[in-house]
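Beneath this line is the structure, given in structure tokens, with notes to follow.
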Amino acid sequence: MAVSINDNEFHRLVDYIKDNYGINLTQKRILIEGRLSNELDSRGFTNYSDFLDMVFSDPTGSEIVNLLNRLTTNHTYFLREPEHYQFMREVFLPEIEKKRKDKKVIYCWSAGCSSGEEPYTNEIEMMEYFGSAAGSWDTKILATDISRKVLAKAQQGVYHADSMKNLSEDVKKKYFVPIGNDCFRVSDELKKRVVYKVFNLMDEIPFRKQPFDLIFCRNVMIYFDMETKNKLINRLYDVLAPGGYLFIGHAESVQRDQSGFTYVKPAIYRKD
């Protein structure tokens with residue numbers, strides 16, 4: 001039997017998620033009941049109060065992350081939003097190749113990387129661009145997400161062919177190993193170039209040793225209200241190098257009067 005959420009329980013859940021993770025669920029009451037009521041029922045909870053007590057008091061943090069995974073969408077695939085990768089090839093990589101011709105290092109962050117398709121795509125694009133010289137470039141990518149579950153999947157690096165439909169056959173052969181049942185594993189060379197860490201984008205950004213040249217933060221802010229978005233965008237601005245780029249989802253935008261970013265084209269911004 002479906003478990004209904006009362007007003008107090010709904011506001012308790014919404015306020016907690018907003019305060020701790022920036023996600024705005026105030027208009028998502030039907031979604032919350034639709035995605036959680038069977039979970040409560042299967043685990044023997046007859047009301048949301050007891051369920052939330054359990055989730056919020058879990059010392060491991062795994063319960064709250066599981067709840068977040070149920071309430072948000074982790075749908076992603078390789079070469080998503082291809083305009084970004086065209087810009088990488090035509091603008092960003094030629095610029096950084098010239099700028100770093102002596103040091104040969106690129107600092108890239110995939111923020112909210114989900115199950116790894118994005119950072120692996122980013123790395124493939126850089127390795128393809130540099131070609132035979134790729135081995136002389138340090139293009140290691142930092143990839144972060146709040147969920148240990150999706151990071152574990154990313155580190156495993158196994159994907160179904162459906163998520164790879166936008167990749168060419170040549171790229172598949174170079175960077176993936178078929179393992180049967182229409183599944184592929186990323187190559188060891190590709191895997192070692194991505195570093196995964198657990199990180200909540202609502203926290204102060206600790207990765208400040210070296211400013212980033214490129215930050216992907218795509219389809220994360222769709223769950224945030226405007227104030228939360230602006231604060232995050234300004235934190236991202238602070239850890240970008242001058243001349244660096246921020247890529248966001250095409251359904252997202254940056255309020256230009258609320259940050260120092262310069263608009264380049266849809267979903268692409270530059271720190272001058």
Side-chain angles (χ1 to χ4, degrees), residues 13-25 35-36 39 52 54-78 80 106-123 138-159 163 185-186 188 190-224 228-229 231-240 244 246-249 252:
L13 172 58
V14 167
D15 290 347
Y16 184 91
I17 298 300
K18 172 68 168 57
D19 292 343
N20 290 278
Y21 303 99
I23 297 171
N24 185 2
L25 297 172
R35 295 190 179 181
L36 294 184
E39 170 80 359
L52 294 178
M54 182 276 295
V55 170
F56 297 161
S57 64
D58 172 30
T60 70
S62 62
E63 289 289 352
I64 188 64
V65 172
N66 289 337
L67 184 144
L68 291 172
N69 286 339
R70 286 185 172 276
L71 297 180
T72 58
T73 302
N74 286 316
H75 177 63
T76 185
Y77 48 89
F78 287 90
R80 186 180 186 183
I106 302 173
Y107 301 101
C108 181
W109 179 18
S110 176
C113 67
S114 190
S115 46
E117 289 90 338
E118 177 182 275
Y120 287 131
T121 303
N122 301 350
E123 190 59 56
D138 181 359
T139 58
K140 194 171 287 182
I141 292 174
L142 171 66
T144 66
D145 200 278
I146 194 172
S147 171
R148 293 181 187 276
K149 183 177 180 180
V150 296
L151 289 178
K153 176 174 169 48
Q155 289 172 309
Q156 185 182 29
V158 174
Y159 301 96
S163 73
R185 185 181 67 246
V186 299
D188 291 341
L190 183 59
K191 190 181 292 187
K192 75 180 184 182
R193 288 173 173 260
V194 182
V195 176
Y196 290 100
K197 292 183 181 294
V198 176
F199 179 64
N200 182 352
L201 284 169
M202 292 302 96
D203 294 340
E204 286 301 314
I205 299 172
F207 318 117
R208 292 178 172 271
K209 185 175 180 181
Q210 178 64 49
F212 294 100
D213 301 303
L214 177 61
I215 297 177
F216 280 73
C217 187
R218 305 189 302 174
N219 306 300
V220 174
M221 295 183 289
I222 54 174
Y223 299 106
F224 298 167
T228 304
K229 287 180 190 176
K231 287 180 178 178
L232 173 58
I233 286 165
N234 286 318
R235 288 198 298 276
L236 297 176
Y237 182 91
D238 289 342
V239 297
L240 259 180
L246 170 67
F247 289 178
I248 62 175
E252 301 167 323

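All of these numbers come straight from a predicted model, not from anything done at the bench.
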Are the side chains of Leu142 and Ser110 in touch, meaning some heavy atoms are under 4.5 Å apart? no
Would you say Tyr223 and Asn24 make side-chain contact, with heavy atoms under 4.5 Å? no
For a 4.5 angstrom cut-off between non-hydrogen side-chain atoms, does Leu68 reach Ile146? yes
What I'd like to find out is whether the side chain of Val239 reaches to under 4.5 Å of the side chain of Pro211, using heavy atoms alone. no
Do the side chains of Val195 and Lys140 get nearer than 4.5 Å, heavy atoms only? yes
Which atom of Thr139 lies closest to which atom of Arg193, heavy atoms considered: OG1-NH1, 2.8 Å
Hey, are Arg80 and Glu117 close enough for a salt bridge, meaning a charged N less than 4.0 Å from a carboxylate O? no
Determine whether more than 12 heavy atoms belonging to other residues, nucleotides or ligands lie under 6.0 Å from atom CG of Asp19. yes
Mind listing the closest non-hydrogen atom pair of Leu201 and Arg235 along with its distance? O-NH2, 2.6 Å
First locate atom CD1 of Ile215, then atom CG of Leu236, and finally report the distance between them rounded to the nearest 0.5 Å. 5.0 Å
Does the side chain of Ser62 come under 3.5 Å of the side chain of Asp58 through a donor N or O and an acceptor N or O? yes
Minimum heavy-atom separation for Leu151 to Cys113, with atom names? CD2-SG, 3.6 Å
Ignoring hydrogens, what is the shortest heavy-atom contact between Ile222 and Glu252? Give both atom names and the distance. N-OE2, 3.1 Å
Between SG of Cys217 and CE of Met221, what distance do you get to the nearest 0.5 Å? 5.0 Å
So with a 6.0 Å cut-off around NZ of Lys231, is the heavy-atom count from everything else above 12? no
So do the side chains of Ser163 and Thr76 get within less than 4.5 Å of each other, counting heavy atoms only? no
For ring-ring contact (aromatic ring centres under 6.0 Å, His included), just list the numbers for Tyr159 and Tyr77, CA-CA rounded to whole Å, side-chain angles, deciding distance to a tenth of an Å, and then say yes or no. CA-CA 9 Å; Tyr159 301 96; Tyr77 48 89; over 10 Å; no
Minimum heavy-atom distance Gly116-Tyr196, with the two atoms named: CA-OH, 3.7 Å
Assess the residue pair Phe56 and Asn20 against the criterion (side chain to side chain contact (heavy atoms under 4.5 Å, CB included)); give the C-alpha distance rounded to whole Å, side-chain angles, the decisive distance to 0.1 Å, and a yes or no. CA-CA 11 Å; Phe56 297 161; Asn20 290 278; over 6 Å; no
Is Tyr120 close to Phe78 at the side-chain level, that is, under 4.5 Å between some pair of heavy atoms? yes
Give the C-alpha distance, both sets of side-chain angles, the deciding distance and a yes or no for side chain to side chain contact (heavy atoms under 4.5 Å, CB included) between Leu214 and Phe247. CA-CA 8 Å; Leu214 177 61; Phe247 289 178; 3.8 Å; yes
Could you tell me the separation between the CG atom of Asn69 and the CZ atom of Arg35, rounded to the nearest 0.5 Å? 11.0 Å
Under a 4.0 Å threshold between the charged nitrogen and the carboxylate oxygen, would Arg70 count as salt-bridged to Glu39? yes
Any chance you could measure Lys18, atom NZ, to Leu13, atom CG, to the nearest 0.5 Å? 14.0 Å
Plane angle bin for Tyr21 and Tyr16 - parallel if under 30°, tilted between 30 and 60°, otherwise perpendicular: tilted
To the nearest 0.5 Å, how far apart are CD1 in Ile233 and CG in Asp238? 12.0 Å
Could you tell me if the side chain of Leu240 sits less than 4.5 Å from the side chain of Leu246, heavy atoms only? yes
Check Val194 against Ala143 and note the closest heavy-atom contact, atom names and distance. CG1-CB, 3.9 Å
Inspect the surroundings of NZ in Lys153 and state if more than 12 heavy atoms from other residues, nucleotides or ligands are less than 6.0 Å away. yes
Hey, do the aromatic rings of Tyr107 and Phe212 have their centres closer than 6.0 Å? no
Atom CD1 in Ile17, atom CG in Leu25: separation rounded to 0.5 Å? 6.5 Å
Before you tell me yes or no, could you show the steps for Phe199 and Phe207 under ring-ring contact (aromatic ring centres under 6.0 Å, His included), namely the whole-Å CA-CA distance, both residues' side-chain angles and the distance that decides it to 0.1 Å? CA-CA 10 Å; Phe199 179 64; Phe207 318 117; 5.2 Å; yes
